Amino acid sequence: MKLKPFSCHTGLVMPLDIPNVDTDLIIPKQYLKSTKKVGFGPYLFDELRYLDSAEYGDDCTKRKLNPQFILNRKEYKSASILLARENFGCGSSREHAPWAITDYGFKVLIAPSFADIFFSNSVKNGLLPIVLNAELVERLFIVTTENFPFQLSVDLPSQLISNSDINFRLQFEIPKEVKDYLIAGMDEISTTLQYKEDIKNYERQRLKEKPWIAENPEEILK
């Protein structure tokens with residue numbers, strides 16, 4: 001699935017006031033039966049979101065919702081920016097976690113810290129994970145609650161988070177390679193494929209010089 005370039009996004013903020021949210025809480029293991037990258041949104045935060053259990057492929061519209069969970073509150077149905085606590089995305093390395101988050105409709109994640117693999121997987125799937133210090137995140141939790149509905153505008157090229165209604169502006173840091181990948185809508189694979197012809201030419205030349213290194217050189221020389 002081709003990634004969309006990320007430049008700017010404005011959306012409703014949903015505060016998830018739970019620390020150490022692991023990938024199993026984001027999407028449980030029973031749903032890891034497909035690699036299509038889509039269709040996982042209904043299972044996002046499954047254990048918190050529903051009062052009953054299900055298996056991959058079940059119709060979640062018929063399940064019993066947990067009315068206490070914030071994702072089920074109608075005022076947050078259109079949320080696209082997830083505000084979280086520290087160590088978000090810890091646990092296993094399952095890429096289904098960012099798949100479920102993006103499939104639901106979230107575009108931006110804000111937290112004091114993310115698990116390293118989850119951070120990387122998020123970027124590879126077009127999600128923008130923003131790391132802010134704990135004090136700033138706490139401030140955002142307060143502002144989000146006191147000013148509902150609270151929206152943020154996220155400008156990735158300028159590395160700026162803002163809300164003009166309350167005169168809120170905040171610069172954020174992000175690794176340059178992550179920023180470049182998201183703005184271009186690319187990951188490591190698509191970046192490598194830009195040099196596809198160069199790679200083929202190199203392989204052709206190498207096989208001419210050392211034809212014994214490949215079992216079926218004609219396949220590579222195509």
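Being a predicted model, the structure only gives us computed values, none of them experimental.
The side-chain tip of Arg63 points at the ring of Tyr50 from less than 6.0 angstrom away and within 45° of straight on.
Ring geometry for Phe114 against Phe118 counts as parallel: the plane angle stays under 30°, on a 0 to 90° scale with 60° as the upper cut. Between Tyr43 and Tyr31, the two ring planes are parallel [angle under 30°; tilted spans 30° to 60°]. Below 30°, between 30° and 60°, or above 60°: for His96 and Trp99 the angle between ring planes is between 30° and 60°, a tilted geometry.
Cluster partners of Leu51: none. The rule joins Ile, Leu, Val, Met, Phe, Trp and Tyr whenever side-chain heavy atoms lie under 4.5 Å apart, and it links nothing here.
The pair Lys33-Glu55 counts as a salt bridge, with a side-chain nitrogen and a carboxylate oxygen less than 4.0 angstrom apart. Taking a cutoff of 4.0 Å between a charged side-chain nitrogen and a carboxylate oxygen, Lys36 and Asp103 do not qualify as a salt bridge.
At a cut-off of 3.5 Å, with distance as the only test, a side-chain donor of Asn125 or Glu95 sits close to an acceptor on the other residue. Defined by atom type and a distance below 3.5 Å, a donor-acceptor pair is missing between the side-chain atoms of Ser153 and Ser162.
In this structure, Leu136 places its CG atom where more than 12 heavy-atom neighbours from other residues, nucleotides or ligands lie under 6.0 Å away. Within a 6.0 Å radius of CD in Glu47, no more than 12 heavy atoms belonging to other residues, nucleotides or ligands are found.
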Which donor-acceptor pairs under 3.5 Å do the side chains of residues 167-174 make with protein atoms, sequence neighbours left out?
{"from": "Gln171", "atom 1": "NE2", "to": "Ser158", "atom 2": "O", "distance (Å)": "3.1"}
{"from": "Gln171", "atom 1": "NE2", "to": "Gln159", "atom 2": "O", "distance (Å)": "2.9"}

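For residues 7-29, the pairs satisfying salt bridge (charged side-chain N to carboxylate O under 4.0 Å, His left out) are Asp17-Arg85, Asp24-Arg94, with sequence neighbours left out.
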